[in-house]
Amino acid sequence: MTPILQLQEVRKSFGPVEIMRGATLAIEQGERHAIIGPNGAGKSTLFNLISGRLSVTSGTIRYRGDDIVGLKPFEIFRRGLSRSFQVSNICPQLSVFENVRCALLWRHGWRYTFWRSIDGLRDVNERAEQVIEEIGLTTRVAEPAAVLTYAEQRALEIGVTVASGSDLVLLDEPTAGMSAQETEQAVALIRRVSEGRSLVLIEHDMSVVFDLADRISVLVYGRIIATGKPEDIRNDPAVKEAYLGTTH
C-alpha cells in the first residue's frame, strides 16, 4: 500500500544555515505516528514544509502519491491534509460553535455566498454540533473562544483541525503546557478524533508519545535517525544517546 505521506531527502536552508538535512519519512495509512527530537531538531520546520507554509529547498513530499511541493497551504488543505500549531490558532472573538462551523464550510461545498444566511445551512450546523460534542465542549458552545481555558482552547483547535474531514492530521505539541489531568484528557480526545484517520504528532511528553503512537520517528539535526515501534525506539542506543538519555 502506498504511504499516505512520503518524504524523500527533504532539505531546507535559510541562507547558509541548513535546517533540514535530507529527511526521509513514510507515514502509513491509518497509523498514529509521533515525531520526537531535541529542541532545534527541525520538527516544526518539517510540519511547515509538509503543510506548505515553507518552501522546500530540495527533495520531494508526496501526499497520496501526488507531489505537493510548491502547492499553497490552502491547496494542500483542500486535498485532505490539515494541521494544528504550537500556539492555538483559533478565532478568539468567535464562539466555539462559529469556530468549528467555519472549518466545515469548504468540506460541505459552501464557498463565498453573500446572499444566503449561514444559519440556514442545516448540514453544516448539525455536523458542527457533533464535532463539539466529540471534543467535549458542548457546555461552552456559545462562549467566545477567548474565554476558554488553555486546555479547552487546545481541544477546540483539535476540533477545528479535524472538522474539515481531513484524512491526514498533523498536531504540533497538542499537550504542551497542560497539567497531568489535562494531558490525560487530551490524549483520550486525540485517540478518539483520530479514529479512521492518519495522524502525525510532534510531542515532547514521552508518556504521551508511547501511549498514542503506533510508530515513532526520531529527528535530530534535520535528519530522521530512527523509525520504529515504541518499544524499539525506547531501546535504540542511538536514540538514547541523541534524545531519550542514556542509562549511565
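Note that the coordinates shown come from a computational prediction; the quantities given were computed from them, not determined experimentally. Worth knowing before you read on, the calculation uses all heavy atoms, side chains too, and leaves out hydrogens, waters and symmetry mates.
Within the 4.5 Å cutoff, side-chain heavy atoms of Ile35 are placed close to those of Leu25. Under the 4.5 Å side-chain criterion, counting only non-hydrogen atoms from C-beta, Gln130 is in contact with Arg127. Pro174 places a side-chain heavy atom less than 4.5 Å from the side chain of Glu203. The shortest side-chain heavy-atom distance between Glu173 and Ser84 does not fall under the 4.5 Å cut-off. By the 4.5 Å heavy-atom criterion applied to side chains, Phe97 and Glu129 are counted as neighbours. The side-chain heavy atoms of Arg191 and Asp211, taken from C-beta on, include a pair separated by under 4.5 Å. Put simply, the side chain of Pro38 reaches to within 4.5 Å of the side chain of Val220, judged on heavy atoms. Within the 4.5 Å cutoff, side-chain heavy atoms of Ser82 are placed close to those of Val169.
The CD1 atom of Ile36 sits 4.5 Å away from atom CE of Met206, with the distance rounded to the nearest 0.5 Å. Atom OG in Ser217 sits 11.5 Å away from atom CD1 in Ile202 (nearest 0.5 Å). In this structure, CD1 in Ile90 is found 4.5 Å from CG in Leu156, a value given to the nearest 0.5 Å. To the nearest 0.5 Å, atoms NZ (Lys43) and CE (Met20) are separated by 10.5 Å. Atom-to-atom distance recorded for Leu189:CG and Glu182:CD is 12.5 Å, nearest 0.5 angstrom. To the nearest 0.5 Å, atoms CD (Glu157) and CD1 (Ile135) are separated by 11.0 Å.
Summarising the local packing, CD of Glu126 is surrounded by more than 12 heavy atoms from other residues, nucleotides or ligands at distances under 6.0 Å.
Every side chain to side chain donor-acceptor pair (under 3.5 Å) that Arg140 has, sequence neighbours left out, goes to Glu152. Qualifying side chain to side chain contact (heavy atoms under 4.5 Å, CB included) partners for Glu184, counting only residues two or more places apart in sequence or in other chains: none. When the side chain to side chain donor-acceptor pair (under 3.5 Å) test is applied to Thr60, no partner is found at least two apart in sequence or on another chain. With sequence neighbours excluded, the residues satisfying side chain to side chain contact (heavy atoms under 4.5 Å, CB included) with Glu231 are Lys229. Every residue two or more places apart in sequence or in another chain that forms a side chain to side chain contact (heavy atoms under 4.5 Å, CB included) with Gln29 is listed here: Met1, Ile4, Arg64. Under the side chain to side chain donor-acceptor pair (under 3.5 Å) criterion, Glu31 pairs with His33, Arg215, not counting sequence neighbours.
Proximity of a side-chain donor or acceptor of Arg21 to a complementary backbone N or O of Tyr221 within less than 3.5 Å is detected. The main-chain N or O of Val96 is never found under 3.5 Å from a side-chain atom of Glu143 such that the two would form a donor-acceptor pair. For the pair Thr175 (side chain) and Met178 (backbone), a donor-acceptor distance under 3.5 Å is absent. No donor-acceptor distance shorter than 3.5 angstrom exists from the side chain of Arg11 to the backbone of Gly59, with no hydrogens or angles considered. Between the side chain of Asn48 and the backbone N or O of Arg53, no donor-acceptor pair lies under 3.5 Å. Judged purely by atom type and a 3.5 angstrom limit, Lys240 has no side-chain atom pairing as donor or acceptor with the backbone of Asn235. At least one donor-acceptor pair closer than 3.5 Å links the side chain of Thr183 to the backbone N or O of Ser179.
Cluster membership check: Val69 shares its hydrophobic cluster with Phe14, using side-chain heavy-atom separations under 4.5 Å among Ile, Leu, Val, Met, Phe, Trp and Tyr. Val17 and Leu54 fall within the same hydrophobic cluster, where Ile, Leu, Val, Met, Phe, Trp and Tyr residues are linked whenever their side-chain heavy atoms come under 4.5 Å apart, directly or through other members. One hydrophobic cluster, built from ILVMFWY side chains closer than 4.5 Å, holds both Leu49 and Leu71. Both Val141 and Val124 are members of a single hydrophobic cluster when ILVMFWY side chains are connected at heavy-atom separations under 4.5 Å. The hydrophobic clustering, which links ILVMFWY residues whose side-chain heavy atoms are closer than 4.5 Å, places Tyr63 and Val56 together.
Between Ile224 and Ala23, the shortest heavy-atom distance links the atoms CG1-CB, 4.4 Å. Contact between Ala213 and Ala34 at its shortest, heavy atoms only, is CB-CB, 3.8 Å. Scanning all heavy atoms of the two residues, the minimum distance from Leu170 to Phe47 falls at CB-CE2, 3.5 Å. When all heavy atoms of Thr227 and Ile233 are compared, the closest pair comes out as C-CD1, 4.0 Å. Of all heavy-atom pairs spanning Ala176 and Tyr150, the tightest one is O-OH, 2.5 Å. The shortest heavy-atom contact between Leu219 and Ala41 is O-CB, 3.2 Å.
Under the 4.0 Å criterion applied to side-chain N and carboxylate O atoms, Arg192 and Glu134 are not assigned as salt-bridge partners. The pair Glu195-Arg32 counts as a salt bridge, with a side-chain nitrogen and a carboxylate oxygen less than 4.0 angstrom apart.
Seen from the ring of Phe210, Arg234 counts as a face-on cation partner, given the 6.0 Å and 45° thresholds.
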Take Ser198 and Leu5 through the side-chain contact (heavy atoms from CB on, under 4.5 Å) test and state the conclusion after the steps.
-> CA-CA 9 Å; Ser198 302; Leu5 181 69; over 6 Å; no
